[in-house]
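One structure below.
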Amino acid sequence: MVCVRVEPTTDSGRDLTCEYSASPVASGGAPYEFNLFETNYHVTVRQAGDGAVVDQLTLPGTLGDDRNCPSELYNHHPTLALGLDHEVLGDKLRPLVESAR
């Protein structure tokens, strides 16, 4: 089992514009601006049976493009965390999965 805790740290100085065509908040595809924050992702891997910690690691958020836009917008909070690259996470977790076989 993998648990991830998100820790936004400081404003990256970068902005991201996201477009929404259908949302309770956004009408007519209005663009919304977000401030991107540097972020650490604290990952804890636990055994499913007893919850014992197998490994812990910290990965930086690196994604700040349109893949980071929330899929739906219900409330507009002007800040977003830089996203976690799932390929990097997979590369870090793969040895744990393969060693368990």
Side-chain angles (χ1 to χ4, degrees):
M1 174 172 45
V2 178
C3 303
V4 180
R5 181 174 58 88
V6 180
E7 177 192 27
T9 56
T10 58
D11 192 329
S12 70
R14 295 166 45 199
D15 293 327
L16 176 66
T17 301
C18 300
E19 302 279 341
Y20 296 94
S21 58
S23 169
V25 176
S27 59
Y32 282 82
E33 288 278 326
F34 295 93
N35 298 322
L36 291 172
F37 271 67
E38 301 290 341
T39 306
N40 291 316
Y41 289 84
H42 302 281
V43 180
T44 302
V45 180
R46 297 181 177 274
Q47 290 182 7
D50 62 8
V53 174
V54 174
D55 199 4
Q56 293 181 308
L57 54 123
T58 300
L59 299 171
T62 57
L63 301 179
D65 57 16
D66 62 357
R67 293 177 291 172
N68 205 35
C69 288
S71 57
E72 293 189 26
L73 188 66
Y74 291 102
N75 294 309
H76 182 236
H77 299 285
T79 59
L80 280 179
L82 284 169
L84 178 61
D85 186 326
H86 294 280
E87 288 183 21
V88 171
L89 177 60
D91 290 345
K92 296 288 186 181
L93 296 178
R94 190 169 293 105
L96 297 172
V97 173
E98 291 172 353
S99 69
R101 292 181 180 172

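The analysis underlying the following values was restricted to heavy atoms, covering all of them including side chains, and did not include hydrogens, waters or symmetry mates. Residue numbers run from 1 in the order of the sequence given.
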Under a 4.5 Å side-chain heavy-atom rule over Ile, Leu, Val, Met, Phe, Trp and Tyr, are [X] and [Y] clustered together?
{"X": "L93", "Y": "L59", "value": "yes"}
{"X": "L63", "Y": "V6", "value": "no"}
{"X": "Y32", "Y": "L80", "value": "yes"}

Distance, nearest 0.5 Å, that separates CG of L36 from CG of D11: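 With rounding to 0.5 Å, CG (L36) is 8.0 Å from CG (D11).
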
D50: salt bridge (charged side-chain N to carboxylate O under 4.0 Å, His left out) partners, not counting sequence neighbours: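 For D50 there are no salt bridge (charged side-chain N to carboxylate O under 4.0 Å, His left out) partners, ignoring immediate neighbours.
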
Sequence neighbours excluded, which residues qualify as salt bridge (charged side-chain N to carboxylate O under 4.0 Å, His left out) partners of R5? none

Residues in side-chain hydrogen bond (donor to acceptor under 3.5 Å, both in side chains) contact with T17, at least two apart in sequence or another chain: E33

Suppose we screen for ring-ring contact (aromatic ring centres under 6.0 Å, His included). Which residues come up paired with F34, at least two apart in sequence or across chains? H76

Pairs touching residues 78-93 that satisfy side-chain hydrogen bond (donor to acceptor under 3.5 Å, both in side chains), sequence neighbours left out: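 Sorted result for residues 78-93: D91-R94.
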
Could you pull out the closest heavy-atom pair between P31 and E19, with the gap in Å?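 Looking at all heavy atoms of both residues, the closest pair is CB-OE2, 3.4 Å.
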
Residues R14 and G64: closest non-hydrogen pair is NH2-CA, 3.5 Å

Using residues 39-46 as the side-chain source, report each donor-acceptor pair under 3.5 Å to any protein atom, sequence neighbours left out, with the distance given to one decimal.
from: T39; atom 1: OG1; to: F37; atom 2: O; distance (Å): 2.8
from: T39; atom 1: OG1; to: L82; atom 2: N; distance (Å): 3.3
from: Y41; atom 1: OH; to: L82; atom 2: O; distance (Å): 2.7
from: H42; atom 1: ND1; to: T58; atom 2: OG1; distance (Å): 3.1
from: H42; atom 1: NE2; to: E7; atom 2: OE1; distance (Å): 2.7
from: R46; atom 1: NH1; to: G51; atom 2: O; distance (Å): 2.8

